[in-house]
Amino acid sequence: MLKLTCPWRTSRRAALSWARLQGDVPAAHAAYDDARTIMPNLAKAWQSEAAYLDRTNDSLDDLKAFYQAWISQVAPYPDQKVDAQRGLVAALRKANDSSADSVEQDIILQNRSGGIDLAVQGTM
């Protein structure tokens, strides 16, 4: 029996698969970017690109731009926003950027009412 899938789902999977197949070469970055452009609300696309950027030691400016875009995209979803903010904190800490403390404070303040588990998770 032929199994039909939604075209967007296939495109998303194809883009993520293509990016992973390329490894850590610079061309893979464009494929990860395509995957999250196709499905900007898909956490896996953002997480995959973040892992790629971490492995390839992108510049701090590029990392900041990526994480700020991710944070903006998932703003309505507190758990995903904390994941993006934690990635930003890790990148800032790795670069010895003192603004990491400010981002950690943001995580705590944004989640202190009703989201205490996210606030604690963000500081761990």
Side-chain angles (χ1 to χ4, degrees):
M1 172 181 263
L2 178 64
K3 182 179 178 183
L4 299 176
T5 59
C6 294
W8 60 263
R9 181 172 275 167
T10 303
S11 298
R12 174 194 77 209
R13 286 183 183 153
L16 280 175
S17 296
W18 179 245
R20 288 184 188 125
L21 283 172
Q22 293 187 49
D24 293 341
V25 298
H29 193 189
Y32 282 113
D33 189 52
D34 288 346
R36 72 176 162 86
T37 299
I38 292 167
M39 287 299 297
N41 292 328
L42 180 69
K44 188 67 174 169
W46 290 94
Q47 294 163 349
S48 296
E49 188 170 351
Y52 165 82
L53 293 172
D54 188 46
R55 288 191 311 272
T56 57
N57 295 316
D58 243 25
S59 74
L60 182 58
D61 289 337
D62 289 343
L63 289 171
K64 282 182 181 179
F66 168 78
Y67 283 111
Q68 291 298 344
W70 187 7
I71 290 166
S72 295
Q73 181 64 39
V74 298
Y77 311 102
D79 55 335
Q80 291 181 34
K81 185 176 179 183
V82 168
D83 285 344
Q85 289 171 311
R86 288 174 62 203
L88 178 58
V89 168
L92 294 172
R93 292 249 184 260
K94 189 174 179 181
N96 294 319
D97 188 317
S98 61
S99 63
D101 294 335
S102 174
V103 177
E104 278 186 337
Q105 278 301 115
D106 289 346
I107 296 170
I108 294 167
L109 293 174
Q110 292 165 6
N111 296 293
R112 68 178 169 189
S113 62
I116 193 69
D117 58 329
L118 293 175
V120 171
Q121 178 187 17
T123 60
M124 292 181 75

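Note that the structure is predicted; figures quoted are calculated from it, not measured. Start at 1 with the first residue, then count along the sequence.
Screening residues 56-66 for salt bridge (charged side-chain N to carboxylate O under 4.0 Å, His left out) gives K64-D97 as the qualifying pairs, with residues at least two apart or on separate chains. For the ring-ring contact (aromatic ring centres under 6.0 Å, His included) condition, no pair includes a residue of residues 73-97, sequence neighbours left out.
Nearest approach of A91 to L60, heavy atoms of both residues: O-CD1, 3.9 Å. Closest approach of A31 to Q22, counting heavy atoms only: CB-NE2, 3.9 Å. For the pair V103 and Q85, the tightest heavy-atom approach, listed with the atom from each and the gap, is CG1-O, 3.9 Å.
When the options Y52, Y67, F66, Y32 are evaluated for a ring pair (Phe, Tyr, Trp, His ring centres under 6.0 Å) with W46, the one that passes is F66.
By the 4.5 Å heavy-atom criterion applied to side chains, E49 and H29 are counted as neighbours. Annotation: side chain of Q73 is not in contact with side chain of R36 (no heavy-atom distance under 4.5 Å).
For S98, there are no side-chain contact (heavy atoms from CB on, under 4.5 Å) partners two or more places apart in sequence or in a different chain. When the side-chain contact (heavy atoms from CB on, under 4.5 Å) test is applied to K44, the partners found at least two apart in sequence or on another chain are L16, R20, L42, Q47, S48. Under the rule for a side-chain contact (heavy atoms from CB on, under 4.5 Å), the partners of Q68 that lie at least two apart in sequence or sit in another chain are I71, L88. With sequence neighbours left out, D54 forms a side-chain contact (heavy atoms from CB on, under 4.5 Å) with K94.
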